2 protein chains.
Amino acid sequence: MEAITVSQYELVYNAFSFAIAVMGAATIFFFLGRSQVASAYRTALTITGLVTLIAAYHYLRIFNSWEASFTVSGGQVAASGVKFNDAYRYVDWLLTVPLLLIELILVMRLPRAETVAKATKLGLLAALMVVLGYPGEVSADPSTRWIWWALAMVPFILIVYDLFVGLSASISSQPAAARGLISSARWVTIISWCFYPVVFVFPMIGLTGGSATTAVQVGYTVADIVAKAGFGVLIFLIAARKSEAEGHV
Amino acid sequence: MEAITVSQYELVYNAFSFAIAVMGAATIFFFLGRSQVASAYRTALTITGLVTLIAAYHYLRIFNSWEASFTVSGGQVAASGVKFNDAYRYVDWLLTVPLLLIELILVMRLPRAETVAKATKLGLLAALMVVLGYPGEVSADPSTRWIWWALAMVPFILIVYDLFVGLSASISSQPAAARGLISSARWVTIISWCFYPVVFVFPMIGLTGGSATTAVQVGYTVADIVAKAGFGVLIFLIAARKSEAEGHV
C-alpha cells in the first residue's frame with residue numbers, strides 16, 4: 001500500500017482543524033441568530049446550531065484520533081499502531097443527518113400534523129441510512145461493503161425523492177421572499193449528500209493508500225462543512241426572510 | 001470467559017461517544033428552549049437540561065474508564081488491568097432518576113400541594129430504588145444480586161403503579177393539546193425503565209463475556225438516551241403546547 005506523505009498527513013490535519021473552527025463558529029452564529037428571528041423559527045435555529053456543535057465535537061475527536069494514529073519524524077510519517085477511528089463520522093451522522101432534515105422541515109413552518117409526519121418519516125429514514133452504512137464501513141471485504149452500500153442507498157433514494165416530490169407542494173406555499181432559498185437548501189442537501197455514497201465506494205474499486213485516504217478525509221470534511229454550516233446559513237436566511245415577511249422586527 | 005473483540009470494543013466506545021454528544025446537545029436544546037415557554041414551565045425545562053447535563057458528565061467518565069480498561073493493538077483487545085467502573089451509572093441514576101420524575105410532575109402544573117406531595121413521594125421512591133440496586137450491582141454472588149434486585153423492584157413497581165393510577169386523574173385535567181404527549185411521556189418512562197432490571201439479571205443467568213458486555217453497555221446507553229433525551233423532548237413539547245394553549249406567545 002502506498003504510504004502517506006508528510007504533506008498529505010498535514011493537509012488532512014489542517015482540514016480537520018479548519019472543520020473544528022468552522023463548526024464552532026457556525027454554532028455561535030446560529031445561537032446568536034435566534035434572537036433575530038420570529039419565535040416560530042427559533043427551534044429551527046437551535047437545531048441548526050446543535051448540528052454544527054455536534055460536528056465540532058466529533059471533528060475534535062477525529063482530529064485527536066488522526067494525530068494519535070501517526071508518528072511524524074525526520075520527514076517521514078509512520079503508523080503509530082493506534083487505529084484511526086473513522087467511525088466517529090457515523091456516530092456524528094446518526095445524530096446530525098436526521099436533525100438536518102428536521103431543521104429544513106421546521107423552517108418551512110408547515111401545519112403541525114404535516115411537520116410531525118414529515119419530520120418523523122425523514123428523520124427515521126436518515127437514521128436507517130446511517131445505521132445500514134456502518135457495517136459496510138467497518139468491513140474490509142468488498143462484497144460485504146457493496147451489500148450494505150446498496151441497502152443504505154434505499155433510504156437515501158427515498159429521502160431524495162421525498163425532498164423533491166413530497167416537499168414541492170409545500171414549497172410553493174412559502175412566501176415569495178423565501179421560496180428560492182428553500183429550493184437552494186434542498187439542492188445543497190441533495191448535492192452535498194451525493195458525495196458520501198461515492199466516497200464509500202473508493203476502497204471497493206481499488207483506491208487505497210495515502211492519496212485515497214487524503215482525498216476521502218478532505219472530501220468528507222468539505223462535504224460536512226457544506227451540508228452542515230453552509231446549509232445552516234441558508235436556514236438562518238430563510239428564517240430571517242420569513243420573519244420579515246410576517247412582520248417580525 | 002469469552003473475550004471481547006475489537007469490533008465489540010469499538011461499538012461500545014462509539015456508543016459512549018454518541019451518548020456524550022446526544023446528552024450535551026440535548027442540554028443546550030432544553031436550556032435554549034426555556035425562553036420559548038411560559039415562565040410556569042421553565043423550571044421543568046431547567047431540570048430536563050440538568051438531567052442530560054449530568055448524564056453527559058457521567059458518560060464522559062464512563063467513556064474514559066472504558067478506554068483505560070483495555071489496550072488495543074494488532075487487532076487484539078486485552079484487559080489493561082484497570083477496572084471498568086460501571087458504578088458511575090448508579091451515581092448518575094441516584095441524581096437523574098428522581099429528577100426525571102420531578103420534571104414530569106412539574107410540566108403537568110398540578111395544584112402546588114399535589115406537586116410537592118407527588119414530587120417528594122416519587123423522588124424518594126426513585127432514589128431508594130437506585131440505592132437498593134447498587135449493593136447487588138457490585139456483588140459477584142448471584143444470590144446476593146437477586147436479593148437486592150428484588151428489594152429494588154419494590155419501589156420500581158410502586159413508581160410504575162403511581163405513574164399509571166396516581167397520575168391518571170391529573171392527566172385527564174390537562175389541556176387537550178398536551179394530553180396525548182403526557183401520556184406518551186409516561187409510557188416512554190415505563191418502557192425505557194423496564195430495560196434496567198432485565199439487564200441487571202444478565203450475569204445471574206449466565207450471560208457474560210464479550211457479547212453480553214457489549215449488549216449490556218450498548219443497551220444501557222440506548223435506554224438512557226431514550227429515558228433522558230427522548231423523554232426530555234416530550235417534556236419540551238408538552239411545555240410548548242401548554243404555553244400556547246394558555247396564550248403565551
Side-chain angles (χ1 to χ4, degrees), chain A residues 27 30-32 34-35 38-62 64-65 68-69 79-83 85-96 98-99 102 112 115-116 119 123 127 130-131 134-135 137-140 248, chain B residues 5-38 45 49 52 56 59-60 63 67 71-77 177 180-181 184 218 221-222 225 229-230 233-234 236-237 239-241 243-244 248-249:
Chain A
T27 303
F30 301 135
F31 285 167
L32 292 178
R34 288 174 77 254
S35 68
S39 66
Y41 302 109
R42 290 198 186 138
T43 305
L45 283 188
T46 301
I47 293 179
T48 306
L50 290 179
V51 165
T52 49
L53 181 62
I54 294 164
Y57 163 75
H58 284 118
Y59 270 99
L60 204 62
R61 288 230 181 251
I62 291 171
N64 289 339
S65 179
S69 65
S80 70
V82 178
K83 192 180 151 203
N85 186 6
D86 210 9
Y88 280 126
R89 298 197 178 277
Y90 280 78
V91 178
D92 180 82
W93 296 334
L94 184 57
L95 202 49
T96 55
L99 291 176
I102 290 170
R112 181 165 292 162
T115 299
V116 173
V130 175
V131 166
Y134 181 79
E137 184 66 58
V138 296
S139 166
H248 176 84
Chain B
T5 68
V6 173
S7 55
Q8 284 171 342
Y9 169 79
E10 286 179 347
L11 183 63
V12 173
Y13 183 96
N14 290 324
F16 289 160
S17 181
F18 179 71
I20 296 168
V22 173
M23 299 297 188
T27 303
I28 294 170
F29 179 80
F30 301 135
F31 287 167
L32 290 178
R34 288 176 78 257
S35 68
Q36 287 160 262
V37 302
L45 283 188
T52 50
Y59 270 99
L60 204 61
F63 178 92
E67 209 178 12
T71 49
V72 187
S73 74
Q76 296 284 321
V77 186
L181 284 167
S184 301
V218 174
T221 305
V222 172
I225 288 171
V233 171
L234 289 174
F236 169 74
L237 291 174
R241 298 274 169 96
S243 299
E244 207 177 270
H248 175 85
V249 186

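Owing to the predicted nature of the structure, the values given are computational and were not obtained by experimental measurement. Convention: sequence-line order gives letters A, B, ...; per-chain numbering from 1.
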Participant: So, A:D92 side chain and A:Y88 main chain: donor-acceptor pair closer than 3.5 Å or not?
Facilitator: no

Participant: Relative to chain B, which of A:I54, A:L94, A:L95, A:L53 shows the most heavy atom pairs under 4.5 Å?
Facilitator: A:L95

Participant: So for A:I47, is it side chain, backbone, both, or neither that comes closer than 4.5 Å to the heavy atoms of chain B?
Facilitator: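 For A:I47, the side chain is the part near chain B, not the backbone.
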
Participant: Is the B:F236 to B:F30 ring centre distance short of 6.0 Å?
Facilitator: no

Participant: Where does A:N85 contact chain B at under 4.5 Å (heavy atoms): side chain, backbone, both or neither?
Facilitator: side chain

Participant: Compute both the distance and the angle, then confirm whether A:R42 meets the cation-pi test with B:F29: under 6.0 Å from the six-membered ring centre, within 45 degrees of the axis.
Facilitator: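 The answer is no; the distance or angle limit is not met.
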
Participant: Under 4.5 Å heavy-atom distance to chain B, tell me which part of A:F31 shows up: side chain, backbone, both or neither.
Facilitator: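 Contact with chain B is through the side chain of A:F31 alone.
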
Participant: Do the side chain of B:T221 and the main chain of B:F16 share a donor and acceptor less than 3.5 angstrom apart?
Facilitator: no

